[in-house]
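Both counts, for ligands and for their atoms, begin at 1 and track the order of listing.
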Amino acid sequence: MSLPSTARVVIIGGGVVGVSTLYHLARAGWTDCLLLEKNELTAGSTWHAAGNCPNFSASWAVMNMQRYSLQLYRGLAELVDYPINYHVTGAVRLAHSDARMREFERVASMGRHQGLEMKICTPEELQAYHPFMETHDLAGGLWDPLDGDIDPAQVTQAMAKGARDLGARIARFTPVTGVRREGGEWIVETDQGEVRCEIVVNAAGYYARRVSEWFLPYGGRLAPAAVMSHQYFLTDEIPELAAWTKEAGRKLPILRDVDTSYYLRQDKNGLNLGPYEPNCKAHWITEDDPFPEDFSFQLYPDDLDRLEWHIEDAMARVPILGTQGVARNINGPIPYAPDGHPMIGPMPGVPNAFEAHSFTFGIAQGGGAGKVAAEWITEGATEWDMWACDPRRFTDYTDREFCIDKAMEVYGHEYAMHFPRHSWPAARDRKMSPVDARVRSLGGQMGSYNGWERANWFAQPGDDTSEEATQSWLRAGPWEPRIREECEAVRDGVGVLDLPGFSRFSLEGTGAADWLRSRIAGALCRVGRMTLAYFPDERGRILTEMSVLRHGEDAFTLITAASAQWHDFELLKKHLPEGLSLVDRTRELSTLIVAGPKSRDLLEGISTADLSLGWLTHQQAEVAGKPVLMVRVSYAGELGWEVHASFDDMPAIYDAVLAGGAKPFGMFALDALRLEKGYRTWKGDLSSDYSLLEAGLDRFVKLDKPEDFPGKAALLAESRRGVAKRFATLVVDAGDCDAPYMSSVWSGDEIVGETTSGGWGYRVNASIALAMVRADRAAPGAELEVEIFGERRKAVVQPEGPLWDPENLRLRA
Ligand SMILES: Cc1cc2nc3c(=O)[nH]c(=O)nc-3n(C[C@H](O)[C@H](O)[C@H](O)COP(=O)(O)OP(=O)(O)OC[C@H]3O[C@@H](n4cnc5c(N)ncnc54)[C@H](O)[C@@H]3O)c2cc1C
């Protein structure tokens, strides 16, 4: 094919992900799309992948994507008329502990909610699925009948055929050498000429970081990823296995021993063992191991010594593994993002550019990833909330060392459980509070929030602060009495939370107020006041929530979650009219939350502020002789102020607040306090899976305001027909664990919703879950059940409004 001079979309990279993106664009009717591959399709990581395709994921979004892939793959060969070897063998996942069984219970429940039939198994049931396995030391396991393995090259070629048949184009052996922007379009440069296009997609696999360099002049950043080596080996034929397969008429299911970290599956009549070893290796990071110009269809040298421990462990589990030698070893590159999830979505900072790269499980995720990427491109929004994979979730702190350290950590813990009180330790201390040392000296146990270190809780001398102690799903733990004390201090006295890293933007210029009104669903506040503002998409679904502080007719500060920094800035920037100024001031100021019934008394002694000004007001004042912005608001649900000040001034202010008797509290306490008020968190309770009306945010939606805003028509239509789901606060008769994110909500034998967050409320002494429940089951007083790690616990829908201080009297005091 000669290189076309134009296309609407150009995709760089012909692995499973780039090809799936092309296929899904074509299916959406976008056929004027071109994929450029420097070698043959699949030349990157795809050709040598083991091809395992699980549904299993602890992330709701990733499970959605994988479930979609598998469903697509099951019908793909027929759909596009291209043969694919796809063995849907099922898979067993082994649990060595009660904690692991709880993880399986949770994922099985999520799976059930998504229409999957994962089953919790006893060791005996596991053995019936996999008769060659030793089970004496197991607690049990999980069976997924739809797991299996697919030929990665064939599935890629099948989607390529499907795309071509629909009219999309693929140019192989066409390396892209650069991009430039001209007249609002992209010029994609190759060694065979140039292609002008509207939209460009970086799907270059382990070359994505390199490709991202070309976008630096256009506002881009280096893609946060590092390349890890991953190995699996194939044994010679095992006669016993061959005989069993013949007799049973089936292949063995894939076995994943996640506690010892490997997968083992039948390949023809031999076995394929693939460990994720903690003594892992990142490649292409030192001068004596430079990034190669081309690595198409190449492998790293064998390094089986690294796998020795896992080989022995697997041989003890499945003894037939030890009866034959290694026939072939595959050691290939996989890109790892710092949290192990891929990057799919808008390229941060760059117009009309998208990303779909850094996949560690690109075969299993490729089908779904293509759908998600195509939705981003064609509709600007995805069916499922995909924040877990959004490139904007990593911001300005992901330098090379960070990426390598995190990739090593994630790879070495590929199958680890993600406990709610655990903070992963690698590559920390990237962004520090001005009072970080003080916070730590007070016992602060730190967590990372968009790279900012914040205290989760404050330990007392003698408390167990080990990482091991946090390896638990239980509510109880060393932190629990401390969280209670911190919450009680905020309830009865005054607490202080050091909160660096609030994302903050200033918006100014003639017409700023009018423009803002045209972007948010609700009304704007008056000068001197603040309001919560919600930004919907065209479907009326929630994109974000910001605190809007109005300083003048057309002068605002917008404050939003630390993790939302790039997402929200781009949301504003994308539609910003000329003449308005939008500046990110996140690094200029830091914040203290001072909250509790005695906060006024404390601040009176150290501040010049008029503390009689009402709830939702703000003012410039001094605290401890330093200039501050004081905002009368409290996410903790008590009388309180946010104190915003420069980094330089914050130590003096923090010291003065502490000297005034405030007790330091942490993020865990704040989470408990906000749950009791029904205050939502971004990307937990507030996601683009739900509309503003479903989320119960009606009072922030003004459908009768004169201005149009995104989603107004959709919300109007929804308000007429009634919502399908409704936000509900549940009080749960929980056992030793509170409801995790995405626990299924049952009514009788039906799943009627899911929790979006849960935890203990120390002021109301109850386990609380915020949930989205089918509207006909969400009436106050309705008796439901929440499935917490496999146990269905009674839950009652609460009356509308907060559980704690429903009249907001304490806030307004
Ligand atoms: C040993 C091993 C086993 C694995 N097993 C599994 C498994 O069982 N299940 C699973 O889901 N995943 C598995 N993976 C991971 C999987 O291989 C990857 O996640 C997946 O292949 C990534 O696909 P991709 O399309 O993103 O990248 P790639 O397949 O790497 O494709 C990127 C493409 O971009 C091209 N390219 C790069 N730069 C340019 C340029 N400048 N111009 C044009 N083209 C360019 C490359 O040539 C390449 O073909 C395994 C990986 C390894 C190493």
What I want to know is whether [X] and ligand 1 share at least one N or O pair that is separated by under 3.5 angstrom.
X: Ala49; result: no
X: Lys38; result: yes
X: Ala364; result: yes
X: Gly44; result: yes
X: Val16; result: yes
X: Val211; result: no

So between [options], whose heavy atom ends up nearest [atom]?
atom: atom 41 (N) of ligand 1; options: Val176, Asn39, Thr46, Thr190; result: Val176
atom: atom 18 (C) of ligand 1; options: Phe359, Phe233, Tyr207; result: Phe359
atom: atom 5 (N) of ligand 1; options: Ala50, Gly274, Pro175, Ala356; result: Ala50

Does ligand 1 have a heavy atom under 4.0 Å from the side chain of [X], from its backbone, from both, or from neither?
X: Tyr232; answer: side chain
X: Phe173; answer: neither
X: Cys53; answer: neither
X: Asn331; answer: neither

Please identify which atoms of ligand 1 are closer than 4.0 Å to at least one heavy atom of [X].
X: Gly332; answer: 53 (C)
X: Gly14; answer: 33 (C), 34 (O)
X: Ala203; answer: 32 (C), 34 (O)
X: Phe361; answer: 10 (C), 11 (O), 12 (N), 19 (O)
X: Leu36; answer: 43 (C), 44 (N)
X: Asn52; answer: 7 (C), 8 (O), 9 (N), 10 (C), 11 (O)
X: Ile334; answer: 50 (C), 51 (C), 52 (C), 53 (C)
X: Trp214; answer: 41 (N)

Top protein contact for [atom], by heavy-atom distance:
atom: atom 31 (O) of ligand 1; result: Gly15 CA, 3.3 Å
atom: atom 53 (C) of ligand 1; result: His48 CE1, 3.0 Å
atom: atom 15 (C) of ligand 1; result: Thr360 O, 3.3 Å
atom: atom 20 (C) of ligand 1; result: Gly362 CA, 3.8 Å
atom: atom 26 (O) of ligand 1; result: Val17 CG2, 3.4 Å
atom: atom 47 (O) of ligand 1; result: Glu37 OE2, 2.7 Å
atom: atom 34 (O) of ligand 1; result: Gly13 CA, 3.2 Å
atom: atom 17 (O) of ligand 1; result: Ser45 O, 3.1 Å

Check your understanding: Residues in side chain to side chain contact (heavy atoms under 4.5 Å, CB included) with Arg112, at least two apart?
Key ->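 Per chain and number, Arg112 pairs via side chain to side chain contact (heavy atoms under 4.5 Å, CB included) with Ala108, Ser109, Trp746, Ile751, Glu787.
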Point to revise | Gly51 to ligand 1, any heavy atom closer than 4.0 Å | key: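 The answer is yes, since Gly51 has a heavy atom less than 4.0 Å from ligand 1.
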Review point. So is Tyr336 in contact with ligand 1, going by heavy-atom distances below 4.0 Å?
Key: no
Check your understanding: Does atom CD of Glu117 have more than 12 heavy-atom neighbours from other groups under 6.0 Å away?
Key ->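 Counting neighbours around CD of Glu117, 12 or fewer heavy atoms of other residues, nucleotides or ligands fall under 6.0 Å, so no.
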Exercise for review: Check the surroundings of atom NZ in Lys161: do more than 12 heavy atoms from other residues, nucleotides or ligands lie under 6.0 Å from it?
Suggested key: yes
Exercise for review: Keeping to residues at least two apart or across chains, list the salt bridge (charged side-chain N to carboxylate O under 4.0 Å, His left out) pairs with something in residues 63-92.
Suggested key: none
Check your understanding: In this structure, which one of Asp302, Ile330, Ile311 forms a side chain to side chain contact (heavy atoms under 4.5 Å, CB included) with Phe233?
Key ->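 It is Ile311, the one option of Asp302, Ile330, Ile311 that forms the side chain to side chain contact (heavy atoms under 4.5 Å, CB included) with Phe233.
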Review point. Is it true that Lys281 and Asp303 make a salt bridge, defined as a side-chain N closer than 4.0 Å to a carboxylate O?
Key: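 So Lys281 does not pair with Asp303 through a salt bridge.
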Check your understanding: Salt-bridged, Glu355 to Arg221, with N to O below 4.0 Å?
Key ->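 Salt bridge flag = yes for Arg221 with Glu355.
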Check whether [Y] forms a cation-pi arrangement with [X] (NZ or CZ under 6.0 Å from the six-membered ring centre, at most 45° off the ring normal).
X: Arg181; Y: Trp186; answer: yes
X: Arg93; Y: Phe56; answer: yes
X: Arg210; Y: Trp284; answer: no

Exercise for review: Quick one: pull up OH in Tyr232 and CG in Asp267 and give me the separation to the nearest 0.5 Å.
Suggested key: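 Spacing of OH (Tyr232) from CG (Asp267) equals 7.5 Å.
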Study note, to complete from the structure: Rounding to 0.5 Å, atoms CE (Met228) and CD1 (Ile404) come to a distance of 10.0 Å
Point to revise | Between His283 and Phe295, ring centroids under 6.0 Å | key: no
Check your understanding: Is the gap between the ring centers of Phe291 and Tyr207 under 6.0 Å?
Key ->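 Yes; Tyr207 has its ring centre under 6.0 Å from that of Phe291.
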**Study point:** Residue pair Thr245 / Gln266, side-chain donor-acceptor N/O under 3.5 Å
**Key:**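 Yes, Gln266 and Thr245 have a side-chain donor paired with an acceptor closer than 3.5 Å.
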Point to revise | Distance-only donor-acceptor check, side chains Glu277 and Tyr262, under 3.5 Å | key: no
Exercise for review: Give the C-alpha distance, both sets of side-chain angles, the deciding distance and a yes or no for salt bridge (Lys or Arg N to Asp or Glu O under 4.0 Å) between Glu103 and Arg106.
Suggested key: CA-CA 5 Å; Glu103 184 204 39; Arg106 171 165 179 253; over 6 Å; no
Point to revise | Arg169 vs Thr31, side chain to side chain contact (heavy atoms under 4.5 Å, CB included): CA-CA, chis, key distance, verdict | key: CA-CA 8 Å; Arg169 289 162 296 174; Thr31 52; over 6 Å; no
